[in-house]
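For reference, the structure is listed below as structure tokens.
Sequence lines set the chain letters: A, B, ... in the order given, protein chains first and strands last, and positions in each chain run from 1.
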Amino acid sequence: MVDKNGKKKLTTKERMQIPRNPMPEQEPNDRICNFDEVPYGYTPELAMAEAERCIMCPKPKCISGCPVEVDIPAFIRMISEGDFVGAARKIKETNALPAICGRVCPQEEQCEAVCVLVKKYKPVAIGYLERFVANFEREHAEIRIPELPPSTGKKIAVVGSGPAGLTVAADLAQMGHKVIIFEALHKPGGVLIYGIPEFRLPKKVVAAEVDYLRKLGVEVNTSYVVGKLDTVDELFEMDFDAVFVGTGAGLPNFMRIEGENLNGVYSANEFLTRSNLMAAYDFPEHDTPIFVGKNVAVLGGGNTAMDSVRTSLRLGAQNGYIVYRRSRKEMPARIEEIHHAEQEGVQFHFLTNPVRYIGNDEGWVTDMECIKMELGEPDASGRRRPIPIEGSNFVIPVDTVVVAVGNSSNPLIPRTTPGLETNKWGNIVVNEKTMMSSRPGIFAGGDIVTGGATVILAAGAGKVAARAIHKYVMGIPFEEEKEEEKEEATRGT
Amino acid sequence: MFEIIDKRELCDKVYQFKIRAQHLAKKAKAGQFVILRKDEMGERVPMSIGGLDPASGVLTVVIQEVGKTSASMNRMKTGDHFADVVGPLGIPSHIEKFGHCVCIGGGVGIPPIRPIAQALKEIGNKVTTIIGSRTKDLLIFEQELREASHELLISTDDGSYGTHGFVTTILQKMIDDGGHIDMVIAIGPVPMMKAVVATTREPKIKTYVSLNPIMVDGTGMCGACRVTVGGKTRFACVDGPDFDGHEVDFDEMTKRMKMYVRYEKQAYDRFLQDEHCRLAKAAEAPKDKNA
């Protein structure tokens, strides 16, 4: 059989025989000396070859594996036909941030985890393909500004410009609303700018997404701390019809152990902010310094921990350790990040927990005392609970420690917004269907609601919130939403 | 961008900047601080607020040259712009009717005492202010503090002006003389605040100190500004900057403030070297023209 381009059509069996195409990337020894992005990305040929692997299941599972339900088979089909720009636009129908999600989503737990090929073969590299088409669209100046509906005259404030805020802003602008973003830092992007390093998510990719928003008519105010300069209530006085709070989980957790305030002990937020947002890797050209010693221990097993330890190697650490209290299997980081860290020579201390830091007279950390752990019964998170093994203490010499054990919600807005209900962790309580808080007109989404989670979950919450905010400001009751959803569901089956 | 509408030298290496920050100047309260960033390559530095004029939307900060960032800020001129003035940050000072308040400022900690003294005075406290410096020439904001307080007392380390000694020499004498004090607030170098706290500990006088540790974001996100207060770790940016002075671990704070000394020196030396070369070249240039 031959398709319209004269290309031979493969049978399903033949498709399944094609091995998954790896993404070309920088050699580990080269890349630990620079901050350039590790993968080079697919070439058009590789992308088309990988797209051929998709067997176009009659009942694709990948779509429901995606938190924002991107029509994955449709965009992959377009890639196989060579319509890369069309594929990018297909994704953008449901996901405003494909260049970002293609790089940072945990695909192996989402779309790729449910790919039909997983049972016998490797899944289609959906993430690599998403990344490819988003890059292609950006690099070939094919970013299209959709035709905007007439202005509704409604004004919406978006507090925070991370993945949740950017998604809400994009969706609302495309519905004809005036959107103004308020960002506390001097550059928009939230965790995408201050947290995720250049070698994993180049800043230009984030800047392009923000530019896209500006082209949609979104205004971006930086260095504007809502909760301090203006409270949320004062925003309403400034004639905003609704406020979306997407301020993230910006309050670093420490372990509350002895010596944690010694010099050389950083929160991951500080360490990464200095290196990323403040460009401390470029000191003294940039003014912000960062201290990276010979031996750097990073506590935690998530993506932030991997980002920190890999940053430390690039800043000259001789030994980069991951110290994690559970075993390899329980590590929450993306497989690719763990893999990259291993390739770069990161040393893993599993089932290990620090109990105290030891310092010198000048107040600098010199050693970290740890205890070995074993795994007991599963805890509330479903992961087996680590239990210390008495008497197993040992000491690791360290000059820099990065604490990457999660974040709590930033209290600035809850503290200054009377009547805004929060739970015992300080997260804003919302109706999951609408993302509206206990205060009518105040919506929230992302880590400020869920606690530390992923970029795509935050973006997904942003999408839900945008739909509800639209109804709210247009005076459409939320109940209709339910009915429409039902209708859509019926149509879909 | 935030315009410098007036800049003047107060004493050697110390400059006062009046910056147009309309919205911020209306919202800021006594005891809060801002974060300044000079330009795109610049670091984020916390600065105390030395004065607020909500009507004209002007903010006063006083910057002492101690490293590259402060030096390059002090080279800015009237009409230049700061890339960012972020704030108002931190919790405002606790202003209530205490009775007799003693406000203490040392060095560049003197300017931020002014809005606090004013606020305390406005709601009916009796305000005595003590300011001190190493020597008379380095004493700043004397007139401003005289206006902001009922009584102003001055100390210099070398005795060139006011009482010979430290601000604590005066404070100790007030206590010894049986003067009734309901509350003390101190802003200045860490050794000064530590000495004030040592003086008021025994007579159990409520003493606030305003801390200015190293910060990056200033909104609670990074934790660089961790201080130990009452045995607990607090973030000066969102839990402070004012804390109960009797609970603060000043020794730890002193060590933490030295974390980047090596880097600061490297950047400052390079800045001064570059400036020296630039000035030398500029001095040569007209000569060439004449030749």
>> Could you measure the distance from the CZ atom of R256(A) to the OG1 atom of T233(B)? Nearest 0.5 Å is fine.
In response: 8.5 Å
> What part of L185(A) lies closer than 4.5 angstrom to a heavy atom of chain B: side chain, backbone, both or neither?
Replying inline: both
> Do you know the tightest heavy-atom contact between Y263(B) and I290(A)?
Replying inline: OH-O, 3.3 Å
> Do you know which of H286(A), K187(A), H186(A) has the most heavy-atom pairs with chain B at a distance under 4.5 angstrom?
Replying inline: H186(A)
> If you round to the nearest 0.5 Å, how far is CG of N221(A) from NE2 of H23(B)?
Replying inline: 10.5 Å
>> Counting only non-hydrogen atoms closer than 4.5 Å, does R44(B) touch chain A with its backbone (N, CA, C, O), its side chain (CB onward), both, or neither?
In response: both
> Side chain, backbone, both or neither: which part of Y260(B) has a non-hydrogen atom closer than 4.5 Å to chain A?
Replying inline: side chain
> So which of N261(A), T288(A), N269(A) has the largest heavy-atom pair count under 4.5 angstrom toward chain B?
Replying inline: N261(A)
>> Any salt bridge linking E234(A) with K27(B)? Criterion: basic side-chain nitrogen under 4.0 Å from a carboxylate oxygen.
In response: yes
>> As an exercise: rank Y194(A), Y224(A), F271(A) by heavy-atom pairs under 4.5 Å with chain B and give me the winner.
In response: Y194(A)
>> As a quick check of understanding, evaluate side chain to side chain contact (heavy atoms under 4.5 Å, CB included) for R226(B) and V265(A), giving each step before the final call.
In response: CA-CA 11 Å; R226(B) 319 202 277 292; V265(A) 181; 3.9 Å; yes
> Step by step, would you call E285(A) with R270(B) a salt bridge (Lys or Arg N to Asp or Glu O under 4.0 Å)?
Replying inline: CA-CA 10 Å; E285(A) 297 307 323; R270(B) 210 174 86 133; 3.1 Å; yes
> Counting only heavy atoms not in K26(B), do more than 12 sit closer than 6.0 Å to its NZ atom?
Replying inline: yes
>> What part of N253(A) gets within 4.5 angstrom of chain B, counting heavy atoms only: side chain, backbone, both, or neither?
In response: neither
> Does D84(B) reach the main-chain N or O of S223(A) with its side chain, forming a donor-acceptor pair under 3.5 Å?
Replying inline: no
> Got a second to check how far K228(A)'s NZ is from K29(B)'s NZ, nearest 0.5 Å?
Replying inline: 9.5 Å
>> Return the CG to CZ distance between D287(A) and F271(B), rounded to the nearest 0.5 Å.
In response: 9.5 Å
>> Distance check, rounded to the nearest 0.5 Å: K258(B) atom NZ versus N263(A) atom CG?
In response: 10.0 Å
> Taking side chain as C-beta onward, heavy atoms only, is P289(A) less than 4.5 Å from E43(B)?
Replying inline: yes
> Relative to chain B, which of P252(A), G363(A), P284(A), S267(A) shows the most heavy atom pairs under 4.5 Å?
Replying inline: P252(A)
>> Under a 4.5 Å cutoff for heavy-atom pairs, which residue among R262(B), E264(B), R37(B), E40(B) has the most contacts with chain A?
In response: R37(B)
> Non-hydrogen atoms of chain B under 4.5 Å away: do they reach the side chain of N407(A), the backbone, both or neither?
Replying inline: neither
> Roughly how far apart are N410(A) CG and T219(B) OG1, rounded to 0.5 Å?
Replying inline: 5.5 Å
>> How close do L229(A) and P88(B) get, counting heavy atoms only, and between which atoms?
In response: CD1-CD, 3.7 Å
> With a 4.5 angstrom heavy-atom cut-off, which part of L272(A) approaches chain B: side chain, backbone, both or neither?
Replying inline: neither
> Run the side chain to side chain contact (heavy atoms under 4.5 Å, CB included) check on T273(A) and D217(B) step by step: do they pass?
Replying inline: CA-CA 9 Å; T273(A) 299; D217(B) 67 292; 5.7 Å; no
> Between E362(A) and K255(B), does a side chain to side chain contact (heavy atoms under 4.5 Å, CB included) hold up when you go through it step by step?
Replying inline: CA-CA 6 Å; E362(A) 284 82 48; K255(B) 287 175 182 167; 6.0 Å; no
